[in-house]
Participant: 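Have a look at the structure that comes next, please.
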Amino acid sequence: MTIKGFIFDLDGVLTDTAEYHFRGWKRLADEEGLPFTREDNEALRGVPRRESLLLILKGKTVSEEKLQEMMERKNQYYLEFIHEIKPSDLLPGALRFLEELRAAGLKAAIGSASKNAGEVIERLGIGSLLDAISDGHSVERQKPAPDLFLHAAAQLGLNPHDCVVVEDATVGIAAARAGGFRTIGLGPKERVGEADVVYPSLENVHLDQALRDLA
Ligand code: BG6
Ligand code: MG
């Protein structure tokens, strides 16, 4: 088995911005009188901004202008949350895992659907541990299409089958599998059970153990 690089989703994998996306949507939904629960939010993990809003609207039709206004409003709420992000907001194990990759001479990239990924990465202070960033600006077709991870692998100069994708979302695991990547799912089996290997989080996962589990 040759594994030469890891591609990480960002929101919900390296930091808990999945919670901030939820809070942003929740505030918007409450203002609009749209029923939206934490459980509903599970279906939004990894899903781009526009598609997320369409899921929240549950078939209710609104004008394009109103859609744009609501997406902008949610994004403003999200930006308020991420302005506070600092290096200590990395999830347990995330920094250590990135450092282990560096020490082992493996490559690391981000593959996030978010257009705000750059700002989050900068605030987390992990830019120097990353060799490439593919984000919501990089490709047209988002997860579950494999395009974003293929974009990241190409930036690393690696073939998909030499890379592992680390994801917390059902659509993210589907995207990685569609691209021919190996996969680590973080979270409950009901969400990421299609991954090659599933862990609750990166907290107790060391690189050598992950490589053994993937083999
Ligand atoms: C993904 C998140 O990483 O990015 C989704 O899991 C989010 O919740 C998507 O909707 C798009 O993010 P943004 O910041 O471009 O609205
Ligand atoms: Mg995610």
Side-chain angles (χ1 to χ4, degrees), residues 6-29 36-57 67-85 89-91 93-94 97 109-124 126 130 133-149 151-152 164-177 181 183-188 190-195 198-202:
F6 276 65
I7 302 170
F8 297 88
D9 173 50
L10 180 66
D11 300 325
V13 167
L14 297 181
T15 186
D16 201 13
T17 34
E19 175 66 19
Y20 295 155
H21 281 294
F22 167 68
R23 288 189 203 169
W25 286 126
K26 180 63 183 155
R27 187 163 160 193
L28 176 89
F36 180 59
T37 63
R38 214 168 250 288
E39 205 185 352
D40 294 334
N41 186 61
E42 284 301 291
L44 270 57
R45 270 181 198 267
V47 174
R49 201 178 301 173
R50 185 185 184 87
E51 285 67 29
S52 294
L53 178 55
L54 294 176
L55 285 174
I56 291 168
L57 287 167
L67 273 183
Q68 293 294 340
E69 183 277 319
M70 286 194 281
M71 286 192 284
E72 184 53 34
R73 202 181 339 149
K74 181 269 178 175
N75 196 50
Q76 285 309 316
Y77 298 151
Y78 183 69
L79 287 173
E80 283 171 29
F81 290 128
I82 66 172
H83 282 329
E84 305 295 319
I85 287 182
D89 288 313
L90 279 162
L91 282 167
F97 200 90
I110 295 292
S112 166
S114 176
K115 294 191 162 114
N116 296 302
E119 176 164 351
V120 173
I121 289 162
E122 196 186 320
R123 290 187 184 279
L124 290 171
I126 52 172
L130 299 169
I133 296 170
S134 297
D135 65 14
H137 301 285
S138 301
V139 297
E140 287 260 311
R141 291 194 314 159
Q142 293 293 340
K143 304 166 191 177
D147 304 27
L148 186 69
F149 294 132
H151 186 275
V164 180
V165 167
V166 187
E167 260 288 354
D168 71 319
T170 309
V171 290
I173 297 294
R177 286 170 59 93
F181 294 87
T183 48
I184 292 177
L186 301 182
E190 307 84 71
R191 200 168 75 205
V192 291
E194 292 294 309
V198 176
Y199 303 123
S201 73
L202 285 176

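Note that the structure is predicted; figures quoted are calculated from it, not measured. First listed ligand is number 1; within each ligand, the first listed atom is number 1. The analysis underlying the following values was restricted to heavy atoms, covering all of them including side chains, and did not include hydrogens, waters or symmetry mates.
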Participant: How far is atom 3 (O) of ligand 1 from the closest protein heavy atom, and which atom is that?
Facilitator: Asp11 OD2, 2.7 Å
Participant: With a 4.0 Å cut-off on heavy atoms, is Ala18 touching ligand 1?
Facilitator: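 The answer is no: ligand 1 sits nowhere under 4.0 Å from a heavy atom of Ala18.
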Participant: Look only at interatomic distance and state if Ser114 has a nitrogen or oxygen under 3.5 Å from any nitrogen or oxygen of ligand 1.
Facilitator: yes
Participant: Quick one: does Asp147's side chain get under 4.5 Å of Glu140's, heavy atoms only?
Facilitator: no
Participant: Is the shortest distance from a Lys or Arg side-chain nitrogen in Lys143 or Asp9 to a carboxylate oxygen in the other one below 4.0 Å?
Facilitator: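 Yes, this pair counts.
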Participant: Report, as yes or no, whether the 6.0 Å neighbourhood of atom CD on Glu122 holds more than 12 heavy atoms from other residues, nucleotides or ligands.
Facilitator: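 Count not over threshold, so no.
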Participant: State, without any angle test, whether Glu80 and Gln76 hold a side-chain donor-acceptor pair at a distance under 3.5 Å.
Facilitator: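 Checked: Glu80/Gln76 side chains show no N/O donor-acceptor pair below 3.5 Å.
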Participant: Counting only heavy atoms closer than 4.0 Å, does ligand 1 sit against the backbone of Leu44, its side chain, both, or neither?
Facilitator: backbone
Participant: Verify side-chain contact (heavy atoms from CB on, under 4.5 Å) between Arg45 and Thr170, making sure each step is shown before the conclusion.
Facilitator: CA-CA 8 Å; Arg45 270 181 198 267; Thr170 309; over 6 Å; no
Participant: If we check side-chain contact (heavy atoms from CB on, under 4.5 Å) with Phe36, which of these qualifies: Leu55, Leu44, Leu28?
Facilitator: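 Of Leu55, Leu44, Leu28, side-chain contact (heavy atoms from CB on, under 4.5 Å) with Phe36 is met by Leu44 alone.
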Participant: Are Ser112 and Asp11 side-chain neighbours, meaning at least one heavy-atom pair lies under 4.5 Å?
Facilitator: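 A side-chain contact under 4.5 Å exists here.
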Participant: Is any side-chain heavy atom of His83 less than 4.5 Å from a side-chain heavy atom of Arg123?
Facilitator: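 In short, these two side chains touch, coming nearer than 4.5 Å.
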Participant: Quick check on Gly136 - does any of its heavy atoms sit under 4.0 Å from an atom of ligand 1?
Facilitator: no
Participant: If I apply the N/O under 3.5 Å rule, does Arg49 come out as touching ligand 1?
Facilitator: yes
Participant: Does any part of the side chain of Glu119, heavy atoms only, come nearer than 4.5 Å to the side chain of Leu79, both counted from C-beta?
Facilitator: yes
Participant: Got the closest protein heavy atom to atom 6 (O) of ligand 1, with its distance?
Facilitator: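 Answer for atom 6 (O) of ligand 1: Gly46 N, 2.9 Å.
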Participant: Please indicate whether any nitrogen or oxygen in Asn75 is less than 3.5 Å from any nitrogen or oxygen in ligand 1.
Facilitator: no
Participant: Tell me which part of Lys115 gets within contact of ligand 1: side chain, backbone, both or neither, using heavy atoms under 4.0 Å.
Facilitator: both
Participant: So among Ile184, Leu186, Ile110, which one has a side-chain contact (heavy atoms from CB on, under 4.5 Å) with Phe8?
Facilitator: Ile110
Participant: Which of the numbered atoms in ligand 1 are below 4.0 angstrom from a heavy atom of Ser52?
Facilitator: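 Near Ser52, the atoms of ligand 1 are 10 (O).
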Participant: For atom 9 (C) of ligand 1, what is the nearest protein heavy atom, given as residue, atom name and distance?
Facilitator: Val47 O, 3.4 Å
Participant: What are the atoms of ligand 1, with element, lying closer than 4.0 Å to any heavy atom of Ser112?
Facilitator: 3 (O)
Participant: Quick one, Ile56 and Asp40 - any side-chain contact, counting heavy atoms below 4.5 Å?
Facilitator: no
Participant: What's within reach of the Mg ion (ligand 2), meaning protein N/O/S atoms under 2.8 Å?
Facilitator: Asp9 OD2, Asp11 O, Asp168 OD1
Participant: Could you check whether any side-chain heavy atom of Val192 comes within less than 4.5 Å of a side-chain heavy atom of Glu167, counting everything from C-beta outward?
Facilitator: no
